[in-house]
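Working notes, beginning with the structure itself.
Numbers restart at 1 for each chain; the letters A, B, ... are given by sequence-line order, proteins then strands.
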Protein chains: 2
Amino acid sequence: MDGRTHTRQRNRAAIQEAALRLFAEQGYEATTVAQIAREAGVSHMTFFRCFPTKEDVVLDDDYDPMLEELVRARPAAEPPVERVHRATMAGLGQVYEHHREALLGRVGLLLSIPGLRARIGENLASARTAFERGLTPEGEEPGVETRAVAAACASALAEAVIAWSEVHERAELPDVIDRVFHALRGLPAPAQGSRP
Amino acid sequence: MDGRTHTRQRNRAAIQEAALRLFAEQGYEATTVAQIAREAGVSHMTFFRCFPTKEDVVLDDDYDPMLEELVRARPAAEPPVERVHRATMAGLGQVYEHHREALLGRVGLLLSIPGLRARIGENLASARTAFERGLTPEGEEPGVETRAVAAACASALAEAVIAWSEVHERAELPDVIDRVFHALRGLPAPAQGSRP
DNA sequence: ACCGAAAATGTTAGTCACTAACATAATACG
DNA sequence: CGTATTATGTTAGTGACTAACATTTTCGGT
């Protein structure tokens, strides 16, 4: 293991931990980068070397690499939105049970900060890219249609997550996502809780 | 006519004109808000009272109010994506001939500025809202499905506009939009130049 | 046409995210 | 163990954006 990148990872983690704690304690706007850096025991320059902007401390996840493969695994004969729909449902089952609370917390923080709320779509740019690559045969460039479908599905997914976070006591995320994709595809809504 | 709001409109226009000219001359980052305000003959405070952020000088259009009505005019029995698709095609025909060059210039500026490129989706938040309202029966609140479809269509539309701006010598925007929406709906691609 | 009220604009001074330049400390590698 | 490399700190700056208050402009009523 490289000692340099190791220390860098430690700094990253320390900064993110301090930042999220301070955001929770006193709010996002009221927390300055300098304060985060001080709490994390680094200078504010190190902060910016780890996170290009203050917002990026929150916008940071990556379940995404998996999505690309799941989309690609669907038969190419399916309509693209259906491929993304089924791939998303499949991938979600694998992580939802274990990460439900963490996901809820992160989304809640995002929604509570106007400046970040606007960037949720951008956050899903990674999902967008995953969909795009999964829909594109290997070795080819994605066409306009593929890019548009990927972007549209990522937006729809983001909307589903937002909606779920607002009603997470009455609905489960997989159900919401299922309903959203059904609507996108012009299909009737599925029965509630009809998933296995 | 109210003289106060009238002057305000004049300021807005003067600021936007000066800003776009300076951006074209010396680039976006190299142009300061103070400079724009000076050129427009106002103080920088007036700038911020007209445009909440520097980016909003560029992110500002408003063909959008029309879209809502066009969507609402489509029969509610149609699948929502189709309603948005046909409404967009109808609305575009009304303005594309006259505003083609202006649109191209604006989009080109957006794409040339990384900070703005990330906010294109957000710019289409206005289109999103228009779609959402048009899809929602009057007096009701939009459901998750409606919000997601509206967001997805706005993203797809943005992607179409971006793609068109990159190949505007070989393709017309209405054709690109048509292809994108066909792909979203899982339909085969329409014939090129098949519109009237 | 004039006057007080209300709203828009200007002035000033400040905060804070973010960057560039250079100094210094930590680490790898011969 | 010494030297090149890389991470980190320090300092000083820019520029977007805001708050508080002074000033001018515009409006409705007389």
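- Rounded to whole Å, the distance from CD on Glu29(A) to P on dT15(C) is 17 Å.
- In this model, the phosphate group of dT9(C) is approached by a side-chain N or O of Asn11(B) to a distance below 4.0 Å at OP1 or OP2.
- Applying the side-chain contact (heavy atoms from CB on, under 4.5 Å) criterion to Val167(B), with sequence neighbours excluded, gives Arg170(B), Ala171(B).
- To the nearest angstrom, C1' of dG15(D) lies 12 Å from CD1 of Ile36(B).
- Taking atom CG of Asp56(A) as the reference point, atom P of dA17(C) lies 14 Å away to the nearest angstrom.
- Atoms CZ and CD, on Arg21(A) and Glu39(A) in that order, are 5.0 Å from each other to the nearest 0.5 Å.
- The separation between Arg49(A) atom CZ and dC22(C) atom P is 15 Å, rounded to whole Å.
- When rounded to the nearest whole Å, the span between CD of Gln35(A) and C1' of dA17(C) equals 14 Å.
- Taking only side-chain atoms of Thr32(B), from C-beta outward, the nucleotide of dG9(D), dT18(D), dA16(D) with the closest atom is dA16(D).
- The distance from atom CZ of Phe51(B) to atom P of dT18(D) is 15 Å, rounded to the nearest whole Å.
- Of the two residues near DNA chain C, Lys54(A) and Ser43(B), the one whose nearest nucleotide lies more 5' is Ser43(B).
- Taking side-chain N and O atoms only, Thr46(A) has a distance below 4.0 Å to OP1 or OP2 of dG9(D).
- The separation between Arg12(B) atom CZ and dA8(C) atom P is 14 Å, rounded to whole Å.
- Two different hydrophobic clusters hold Leu187(A) and Val176(A) under the rule that ILVMFWY side chains link at heavy-atom gaps under 4.5 Å.
- The two residues Val84(A) and Leu135(A) come nearest to each other via the heavy atoms CG2-CD1, 4.1 Å.
- Heavy-atom nearest nucleotides on DNA chain D were determined for His44(B) and for Gly41(A), and the one closer to the 5' end corresponds to Gly41(A).
- We find that CE of Met45(B) is positioned 13 Å from C1' of dA22(D), with the value rounded to whole Å.
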